[in-house]
S.K.: 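My structure is below; once you've seen it, I'll send some questions.
Letters A, B, ... are given to chains in the order of the sequence lines, protein chains preceding strands, and every chain is numbered from 1.
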Protein chains: 2
Amino acid sequence: MKRKEVITDEQKKIARYAKAMGHPIRMYVLELLSNQSCCYSGDLTEILPIAKSTLSQHLKELKDAGLIQGEIEAPRIKYCINKANWEEAQELFKKYLLI
Amino acid sequence: MKRKEVITDEQKKIARYAKAMGHPIRMYVLELLSNQSCCYSGDLTEILPIAKSTLSQHLKELKDAGLIQGEIEAPRIKYCINKANWEEAQELFKKYLLI
DNA sequence: ATATTTGTTCGTTAATTACCGAACAATAAT
DNA sequence: ATTATTGTTCGGTAATTAACGAACAAATAT
């Protein structure tokens, strides 16, 4: 017998997206990618005032949350928005923020 | 001479809001408050499967981020959405999510 | 075959977050 | 004056996050 669960899957899902968005660097990347289709992480390393290993971790966070995806274009990696999940996030925020 | 700052204040601001939204319990509270004007934390303690001290911390997080506000109605505390900041968050997410 | 480019992973450190129960403070009720 | 209610704060622990430089892996270019 399953215990009553007060927290919904939607609340968990939007919290997951929000958490990934909870850092200025990651918002910078998301803003960039949502406006310009794609970028290489090398471009970001040059612009952002953080070590490349740190950037790599932030990109991994966004990837793990499903907000972006990387495509190998050796020796570089091209990052873009993960369209399906991005749209899901849009819908969730629209709903929860009553926009 | 100020060093070039790549991260904008808006990115910092939305990241701050997103971070506060980055936990299922806090999303639960926000959803509740955005739909029903206000609640007492006692109500939440009964429903949510966490200790009251933990809930208190989550409410503090939301308050510190500016998303909710508490009004003393002794011996209880009435929580509501912080309207001004909530609207700012709405605008920011609208802009960043291109909704 | 070797060097260069590109980005991840590893190891480390410091800070923050999440959670609990117990103790505390403030007010209300008896 | 005591007791009960309500919620925060404290002390502690465990887990996660953020950051860095060094080492590594993979592929391209020389």
Side-chain angles (χ1 to χ4, degrees), chain A residues 3 5-7 11-30 32-33 38-80 82, chain B residues 3 5-7 11-30 32-33 38-80 82:
Chain A
R3 193 136 178 19
E5 181 58 82
V6 251
I7 301 296
Q11 282 156 355
K12 287 179 194 166
K13 219 181 257 183
I14 192 175
R16 183 77 183 81
Y17 287 131
K19 194 179 179 192
M21 296 168 71
H23 192 289
I25 294 278
R26 297 198 290 267
M27 281 311 305
Y28 177 94
V29 174
L30 286 176
L32 191 76
L33 288 182
C38 70
C39 75
Y40 297 94
S41 53
D43 308 343
L44 297 171
T45 314
E46 277 173 24
I47 299 168
L48 295 171
I50 55 173
K52 62 180 177 164
S53 56
T54 306
L55 173 64
S56 184
Q57 272 187 190
H58 284 304
L59 292 174
K60 182 168 159 30
E61 283 262 337
L62 289 172
K63 215 172 13 175
D64 290 349
L67 289 172
I68 67 172
Q69 61 197 150
E71 189 188 330
I72 295 174
E73 229 176 64
R76 298 185 298 172
I77 294 175
K78 190 173 77 178
Y79 282 102
C80 348
N82 181 320
Chain B
R3 197 146 175 9
E5 181 59 82
V6 253
I7 301 296
Q11 282 156 355
K12 287 178 194 166
K13 218 180 256 183
I14 191 174
R16 183 75 184 80
Y17 286 132
K19 194 179 178 192
M21 296 168 70
H23 192 289
I25 294 278
R26 297 197 290 266
M27 282 312 304
Y28 176 94
V29 174
L30 285 176
L32 192 76
L33 288 182
C38 71
C39 77
Y40 297 94
S41 52
D43 308 343
L44 297 171
T45 313
E46 277 173 26
I47 298 167
L48 295 170
I50 55 173
K52 62 180 178 164
S53 55
T54 306
L55 173 62
S56 184
Q57 273 188 190
H58 283 305
L59 292 173
K60 181 167 160 29
E61 282 265 333
L62 289 171
K63 214 171 15 174
D64 289 350
L67 289 172
I68 66 172
Q69 60 197 149
E71 188 189 329
I72 295 174
E73 231 177 62
R76 297 185 298 174
I77 294 176
K78 190 172 77 178
Y79 282 102
C80 348
N82 181 320

S.K.: In residues 39-46 of chain A, what residues come within less than 4.0 Å of DNA chain C, judged by heavy atoms?
M.R.: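 Per residue number, the list reads Ser41(A), Gly42(A).
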S.K.: Could you state the CD1-P distance from Ile77(A) to dT8(C), rounded to the nearest angstrom?
M.R.: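 After rounding, the gap between these two atoms is 4 Å.
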S.K.: I want to check something: taking the side chain as every heavy atom from C-beta on, are Glu71(A) and Ile77(A) in contact at a cut-off of under 4.5 Å?
M.R.: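 Of all side-chain heavy-atom pairs linking Ile77(A) with Glu71(A), none is under 4.5 Å.
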S.K.: Send over the distance from Met27(A) CE to dA18(D) P, rounded to a whole Å.
M.R.: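 So the CE-P distance, Met27(A) to dA18(D), works out to 14 Å.
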S.K.: Would His23(A) and Val29(A) count as a side chain to side chain contact (heavy atoms under 4.5 Å, CB included) if you check the C-alpha gap in whole Å, the side-chain angles of each, and the deciding distance to 0.1 Å?
M.R.: CA-CA 10 Å; His23(A) 192 289; Val29(A) 174; over 6 Å; no
S.K.: Lys78(B) has an atom NZ; how far is it from atom C1' of dT5(D), in whole Å?
M.R.: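 Computing the Lys78(B):NZ to dT5(D):C1' distance gives 19 Å.
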S.K.: Could you check how far CG of Leu59(B) sits from P of dT8(D), rounded to whole Å?
M.R.: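 Going from Leu59(B) (CG) to dT8(D) (P), I get 6 Å.
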S.K.: Within the 4.5 Å heavy-atom criterion, are Ile50(B) and His58(B) side-chain neighbours or not?
M.R.: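 They are in contact (side-chain heavy atoms under 4.5 Å apart), so the answer is yes.
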S.K.: Given the rule in the side chain to side chain contact (heavy atoms under 4.5 Å, CB included) test, do Ser41(B) and Tyr79(B) qualify, once you have shown the distances and angles that lead to the verdict?
M.R.: CA-CA 7 Å; Ser41(B) 52; Tyr79(B) 282 102; 3.9 Å; yes
S.K.: Where each residue is assigned the nucleotide of DNA chain C containing its nearest heavy atom, which of Arg76(A) and Ile72(B) is assigned the position nearer the 5′ end?
M.R.: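 Upstream on the strand: Arg76(A).
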S.K.: Can you find a heavy atom in the side chain of Leu32(B) that is under 4.5 Å from one in the side chain of Asp43(B)?
M.R.: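 The answer is no, as the side chains (C-beta and beyond) never meet within the 4.5 Å cut-off.
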S.K.: When the distance from CG of Leu62(A) to P of dT8(C) is rounded to whole Å, what number comes out?
M.R.: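 Those two atoms, CG and P, are 12 Å apart.
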S.K.: Assign a letter to each nucleotide of nucleotides 15-20 of chain C from its 5' end: B, base within under 4.0 Å of a protein heavy atom; S, sugar-phosphate only; -, no contact.
M.R.: -SSSBB
S.K.: Is there a side-chain contact between Arg26(A) and Leu67(A) in this structure, where contact means two heavy atoms from C-beta onward sitting under 4.5 Å apart?
M.R.: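 They are not in contact (no side-chain heavy atoms under 4.5 Å apart), so the answer is no.
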S.K.: Check the distance between dT6(C)'s P and Leu48(A)'s CG and give it to me in whole angstrom.
M.R.: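 Atom CG in Leu48(A) sits about 16 Å away from atom P in dT6(C).
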S.K.: With the side chain counted from C-beta on, respond yes when Glu73(B) and Tyr40(B) share a heavy-atom pair under 4.5 Å apart, and no when they do not.
M.R.: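 Glu73(B) vs Tyr40(B): side chains touch.
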S.K.: Quick one: does Lys52(A)'s side chain get under 4.5 Å of Leu44(A)'s, heavy atoms only?
M.R.: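 Sidechains of Leu44(A) and Lys52(A): no contact.
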S.K.: Is Ile68(A) close to Cys80(A) at the side-chain level, that is, under 4.5 Å between some pair of heavy atoms?
M.R.: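 Of all side-chain heavy-atom pairs linking Ile68(A) with Cys80(A), none is under 4.5 Å.
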S.K.: Please state how far atom CD in Glu73(B) lies from atom P in dT8(D), giving the value in whole angstrom units.
M.R.: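 Going from CD in Glu73(B) over to P in dT8(D) covers 14 Å.
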